[in-house]
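Below is one structure, written out as structure tokens; comments come after it.
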Amino acid sequence: MVQLIIVDDYKKMSERAKDIIVHQIDKKPETVLGLATGGTPIGTYKELIHANGENTVDFSKVSTINLDEYIGLDEEHPKSYRYFMKNELFLHINIDEANTYVPKGTCEDLDKECRRYESLIEDIGPPDLQLLGIGENGHIGFNEPGSSMESETHVVELTPSTRTANARFFNTKEEVPTHAITMGIRSIMKSERILLLASGKRKRKAIARLLEGEVDVNFPASILMNHPNVTLILDKEAYGVEEGNDA
């Protein structure tokens with residue numbers, strides 16, 4: 001089942017996402033959250049930090065599993081996803097950082113790390129709620145077009161379009177790593193509930209294709225429409241309308 005929520009703008013999207021996450025943690029204090037990086041969830045994380053500061057949500061029993069990590073960047077590298085999560089969320093809420101998990105992109109044996117991380121997902125999860133963004137080419141996590149719908153945690157080569165999109169977080173496109181470890185599509189689909197966020201005109205084509213509902217290996221996000229519990233929160237620009245009432 002797909003629930004579609006249309007809101008006015010990025011801030012409203014972030015607020016609605018926060019409300020859903022807070023409700024999940026209230027319902028189950030030991031919730032396992034699947035988390036994402038990039039520009040889309042930053043507003044949601046700011047809202048969660050505020051809610052935690054207001055004592056309206058307690059992260060003390062929560063565990064988190066992140067989708068992915070760049071290969072070649074250690075945890076203290078300012079562009080690594082572990083560093084991103086610490087600075088955008090973990091350091092500002094009452095979570096036990098020992099219960100926060102991100103793939104290790106500097107392991108010598110990357111295949112072994114992929115197997116370890118997939119086992120971890122099974123051991124402490126799968127996520128009760130998985131937060132996702134969507135790439136302009138339909139990638140989820142770093143599952144690029146052509147990824148197997150049966151894939152579990154694996155190493156992926158990033159497409160030029162993804163590296164270009166992520167270059168805004170680096171000084172130059174050349175600094176963007178060429179490979180990453182990512183939870184696979186099958187890994188993501190194990191989640192009890194999926195919450196996908198999209199904002200802005202740049203995501204409009206991807207959302208239109210997603211809502212067509214046809215599963216296509218060349219558009220990885222399309223598999224989400226086969227999940228039994230998916231919520232899409234879209235602002236009006238991403239959905240393709242410029243005015244109207246909130247859903």
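What you see is a predicted model; the values in this text were computed from it and never measured.
The ring of F170 has its center closer than 6.0 angstrom to the ring center of Y70.
Side chain of H92 to backbone of N87: a donor-acceptor contact under 3.5 angstrom is found. Checking side-chain atoms of N226 against main-chain N and O of I223 turns up no donor-acceptor pair under 3.5 Å. At least one donor-acceptor pair under 3.5 Å links the side chain of D235 to the backbone N or O of G200. Of the possible polar contacts, one joining the H154 side chain to the E152 backbone as a donor-acceptor pair under 3.5 Å is found. When atom types are taken as modelled, the side chain of K203 and the backbone of I134 share a donor-acceptor pair closer than 3.5 angstrom. A donor-acceptor contact shorter than 3.5 Å is absent between the side chain of N143 and the backbone of T182.
Between R193 and D128, none of the side-chain N atoms (NZ, or NE/NH1/NH2) sits under 4.0 Å from a carboxylate O, so this pair counts as no salt bridge. Remark: K79 does not engage E175 in a salt bridge, criterion side-chain N to carboxylate O under 4.0 Å. Salt bridge status for R116 with E113: present, with a side-chain N to carboxylate O gap under 4.0 Å. Salt bridge present: E97 and R82 bring a charged side-chain N and a carboxylate O closer than 4.0 Å.
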Side chain to side chain contact (heavy atoms under 4.5 Å, CB included) between K190 and E122, intermediate numbers included: CA-CA 9 Å; K190 293 175 184 178; E122 293 287 349; 2.5 Å; yes
Could you walk me through whether T159 and T162 pass the side chain to side chain contact (heavy atoms under 4.5 Å, CB included) test, one step at a time? CA-CA 5 Å; T159 64; T162 294; 3.1 Å; yes
For N137 and E144: C-alpha separation, side-chain torsions, deciding distance, then whether side chain to side chain donor-acceptor pair (under 3.5 Å) applies. CA-CA 8 Å; N137 64 359; E144 300 283 8; 3.1 Å; yes
Are E157 and T178 close enough, and set up right, to give a side chain to side chain donor-acceptor pair (under 3.5 Å), and what steps lead you there? CA-CA 6 Å; E157 182 176 1; T178 59; over 6 Å; no
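Grouping the Ile, Leu, Val, Met, Phe, Trp and Tyr side chains by contacts below 4.5 angstrom, directly or via other members, places I188 with M225. When hydrophobic clusters are built by joining Ile, Leu, Val, Met, Phe, Trp and Tyr residues whose side-chain heavy atoms come closer than 4.5 Å, directly or via intermediates, V230 is grouped together with Y239. Taken together through direct or relayed side-chain contacts under 4.5 Å among Ile, Leu, Val, Met, Phe, Trp and Tyr, V215 and F219 form part of one hydrophobic cluster. The hydrophobic clustering, which links ILVMFWY residues whose side-chain heavy atoms are closer than 4.5 Å, places L196 and L4 together. Tracing side-chain contacts under 4.5 Å through hydrophobic residues (I, L, V, M, F, W, Y), one reaches V7 starting from V22; they form part of the same cluster.
Under the side-chain contact (heavy atoms from CB on, under 4.5 Å) rule, F59 has a single partner from T31, D96, I95, which is I95. Paired with I21 under the rule side-chain contact (heavy atoms from CB on, under 4.5 Å), one option of V57, L35, L48, D26 passes, and it is L48.
Side chains of V62 and I93 form no contact here, defined as non-hydrogen atoms less than 4.5 Å apart. You'll find the side chain of R163 stays beyond 4.5 Å of the side chain of P160, heavy atoms only. Residues Y10 and I42 have side chains in contact (heavy-atom distance under 4.5 Å, counting atoms from C-beta outward). Contact annotation: the side chain of F142 approaches that of N166 to within less than 4.5 Å [non-hydrogen atoms, C-beta and beyond]. Using a 4.5 Å cut-off on side-chain heavy atoms (C-beta onward), T64 and N99 make no contact. The shortest distance between side-chain heavy atoms of I65 and L33 does not fall below 4.5 Å. Using a 4.5 Å heavy-atom cutoff, the side chains of L132 and L67 are in contact. For the pair I5 and T231, the minimum side-chain heavy-atom distance is below 4.5 Å.
Checked by atom type, the side-chain pair E136/S161 shows no donor-acceptor distance below 3.5 Å. Side-chain atoms of T153 and R115 form no donor-acceptor pair, as typed in the model, at a separation below 3.5 Å. Looking at D216 and S222, their side chains never bring a donor and an acceptor atom within 3.5 Å of each other. Looking only at atom types and distance, the side chain of S14 has no donor-acceptor partner in the side chain of E47 under 3.5 Å away. Residues S199 and E237 have side chains that never bring a donor and an acceptor to within less than 3.5 angstrom of each other. Neither side chain, N229 nor E192, offers a donor N or O lying under 3.5 Å from an acceptor on the other.
Aromatic ring orientation, Y81 versus F84: perpendicular (interplanar angle above 60°, classes split at 30° and 60°).
Put simply, OG1 on T106 and CG on L73 are 9.0 Å apart, with the number rounded to the nearest 0.5 Å. Separating the CD1 atom in I233 from the CE atom in M13 is a distance of 7.5 Å, to the nearest 0.5 Å.
Shown here for M183 and Y117, the closest heavy-atom pair between the two residues is CG-CE2, 4.0 Å.
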